[in-house]
Amino acid sequence: MLVRFGFVAMSMQVKNASPSKTMTASAFEKIADREAALRKLVRLAQENLQNTKRLLYHCIGHDIRFYRFSSRLLPLAGHDYIEGLDYFSLLKDDFYQVGEVVRKHQIRTGFHPDHFTVLNSPRCDVVASSIASLDRHVKMLEAMELDQSHKCNIHIGGSYNNKEKAGRNFINQFSLLDRRLQSYLCLENDDKTFTVAETLAIAEEVGAPFVLDIHHHRCNHEGDLLTDYWPRIVTTWKDEPFPPKVHLSSPRSESQMRAHADYVHLDDAVELLRGAAEVTDRLDVMIEAKRKDEALFRLIKELASHPAVTVMDQASIRWKES
DNA sequence: ACCTGTCAAGTCTGG
DNA sequence: CCAGACTTGACAGGT
């Protein structure tokens, strides 16, 4: 099994390259000259896109072909204050430049809209802003000229005291989305509410790929063994150009089980790779650790001494279990 | 240069 | 019904 590793949004090695620079709503309010404030927002967004490009070059230089964009590229996006501001026409070229690097170097990218994107909420305003957020994320991918193989990954949402009903509500809301949005989505199990079993069943029903988060699974499962789900997980990716993707992280501590640790524990990685190797010959692993790309490089280094591992380059390995 | 507190969002819990 | 916890990186304000 060929395994490629990726990281999220920012680098611990590339300095002054935040792709998430922003302005608070209250700071925006305090600027008397609204036009000047809007210009500053556009400048921040432009910096975020240019830094994203720098981060992509960093990836390329280290053989990394899997990267998740920051979901905060556009400051105050969706906020009432900036109504009428068209980031997309103003930053057309910046978006295009990012996409150009991605396509030229065949990097797998995507977004993870924040957990306030809740499609199954009983509140109409929450659903509406969630759809608007998804639309914005897809617009960014389109502005980069990246097709549906680059996904927006979301969770199912809240349970509202009736998880089964909440799941059905998600399916209903999903079915009401434009096909354009649907085709860019993939679904991930979360650490509190929707387990692998529940999320996978929903993903199968709506025809979206399923992203396994091994850490969330550990926080939120019902004694179910992952081995029961691996074949079905892989099947949800069968029509996709890229291989199945999974999220890998370790708990910060026993008292902070849900929080992400600085680095990934080798054992967690090995456990994941063992399971995946039974069902797929390609896997993309998104590292979700505080130390970002440093955690990726450290994990590769640690994996190198495992008997089942052959290191291919700085960011990928071959797993060959005895 | 560094440190601490605040900011955004939605859900859930506890009072 | 309301306040606070949860989460995260960056802002904001203090020293």
Side-chain angles (χ1 to χ4, degrees), chain A residues 7-31 37 40-41 43-52 55 67-83 111-137 152-163 165-167 169-170 173 188-195 198-199 213 215-216 219-220 247 249-253 255-262 286-295:
Chain A
F7 71 99
V8 178
M10 62 187 285
S11 166
M12 301 308 288
Q13 300 189 341
V14 186
K15 297 301 170 190
N16 303 312
S18 169
S20 313
K21 290 164 79 74
T22 189
M23 192 194 298
T24 61
S26 61
F28 182 88
E29 253 184 329
K30 283 176 195 152
I31 300 174
K40 182 167 182 192
L41 286 181
R43 200 175 63 238
L44 286 171
Q46 190 165 27
E47 282 179 47
N48 288 340
L49 288 167
Q50 291 300 321
N51 282 337
T52 296
L55 289 159
Y67 172 75
R68 184 198 300 165
F69 294 122
S70 163
S71 275
R72 300 190 216 172
L73 292 171
L74 305 178
L76 297 180
H79 205 289
D80 291 342
Y81 290 156
I82 68 161
E83 205 179 323
F111 283 108
H112 195 349
D114 62 33
H115 58 285
F116 306 114
T117 305
V118 190
L119 272 184
N120 75 338
S121 175
R123 289 170 51 188
C124 289
D125 56 330
V126 173
V127 175
S129 68
S130 297
I131 294 171
S133 170
L134 289 181
D135 185 65
R136 210 162 44 239
H137 283 90
C152 293
N153 181 47
I154 59 170
H155 297 293
I156 303 301
S159 65
Y160 314 103
N161 296 318
N162 186 343
K163 214 198 284 190
K165 187 181 165 201
N169 196 27
F170 178 92
Q173 291 296 346
E188 179 193 343
N189 60 306
D190 70 78
D191 58 354
K192 280 183 170 156
T193 312
F194 285 91
T195 62
E198 293 156 350
T199 310
D213 187 308
H215 175 57
H216 291 166
C219 296
N220 180 27
H247 293 173
S249 59
S250 297
R252 185 148 197 78
S253 64
S255 61
Q256 296 170 278
M257 275 298 289
R258 284 204 193 88
H260 289 156
D262 288 354
M286 181 54 66
I287 306 275
E288 292 183 328
K290 290 254 179 231
R291 300 298 299 181
K292 309 291 178 188
D293 50 343
E294 269 181 16

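Letters A, B, ... are given to chains in the order of the sequence lines, protein chains preceding strands, and every chain is numbered from 1.
Out of C:dA10, B:dA8, B:dG10, the shortest distance to the side chain of A:Thr24 is found at B:dA8. Checked against B:dG10, B:dA8, B:dC12, the side chain of A:Val126 finds its nearest nucleotide in B:dG10. For A:Phe116, the side-chain atoms get nearest to B:dA9 when compared with the rest of B:dA9, B:dA8, C:dG9.
Across all strands shown, A:Ser70 has no heavy atoms under 4.0 Å from either base or sugar-phosphate atoms. Residue A:Arg123 is in sugar-phosphate contact alone, with no base atom involved, counting any heavy-atom pair closer than 4.0 Å across all strands shown. Using a 4.0 Å heavy-atom cutoff across all strands shown, A:Ala27 reaches sugar-phosphate atoms only and no base atom. Across all strands shown, A:His112 has no heavy atoms under 4.0 Å from either base or sugar-phosphate atoms. Heavy atoms of A:Lys21 sit under 4.0 angstrom from primed sugar atoms or phosphate atoms, though from no base atom. Backbone-only contact: A:Ser26 has heavy atoms under 4.0 Å from sugar-phosphate atoms and none from a base.
The distance between atom NE2 of A:His155 and atom C1' of C:dT8, rounded to the nearest whole Å, is 13 Å. C:dT7 atom P lies 14 Å from atom CD of A:Glu288, rounded to whole Å. In this entry the distance linking NE2 of A:His115 with P of C:dT7 reads 9 Å, nearest Å. In this structure, CG of A:Leu44 is placed 14 Å from P of B:dA8, rounded to the nearest angstrom. Whole-Å rounding puts the A:Tyr81 OH to B:dC7 P distance at 12 Å. Residue A:Met23 contributes atom CE, which lies 12 Å from atom P of B:dA8 at whole-angstrom precision. In this structure, A:Leu119 places its CG atom 13 Å from P of B:dG10, rounding to the nearest Å. In this structure, the CZ atom of A:Arg291 is 15 Å from the C1' atom of C:dT8, given to the nearest Å.
One finds a side-chain N or O of A:Ser121 lying less than 4.0 angstrom from the OP1 or OP2 phosphate oxygen of B:dT11. Residue A:His260 places at least one side-chain N or O under 4.0 Å from the OP1 or OP2 atom of C:dT8. Within the 4.0 Å cut-off from OP1 or OP2 of B:dC12, at least one side-chain nitrogen or oxygen of A:Ser159 is found.
Counted within 6.0 Å of NZ on A:Lys163, heavy atoms from surrounding residues, nucleotides or ligands total more than 12; the atom is thus considered enclosed.
Taking atom P in both B:dG14 and C:dT7, the straight-line distance is 15 Å, to the nearest Å. Distance check on atom P: C:dA10 versus B:dT11 gives 26 Å, rounded to whole Å. As rounded to the nearest Å, C:dG9 and B:dC12 have P atoms that lie 23 Å from one another.
Judged by closest nucleotide on DNA chain C, A:Met10 is the one of A:Lys30 and A:Met10 placed further toward the 5' end. Between A:Lys40 and A:Lys290, the residue anchored closer to the 5' end of DNA chain C is A:Lys290, taking for each the nucleotide with the nearest heavy atom.
Side-chain contact check for A:Glu29 and A:Ser26: no donor-acceptor pair (N or O, by modelled atom type) lies under 3.5 Å. If you check the side chains of A:Gln173 and A:Asn120, you find no donor sitting under 3.5 Å from an acceptor.
Using a 4.5 Å heavy-atom threshold, the side chains of A:Lys292 and A:Gln13 count as separate.
Between A:Lys192 and A:Asp190, no side-chain nitrogen of the basic residue sits less than 4.0 Å from a carboxylate oxygen of the acidic one, so the salt-bridge criterion is not met.
For A:His215 and A:His247, the ring centers are positioned 6.0 Å apart or more.
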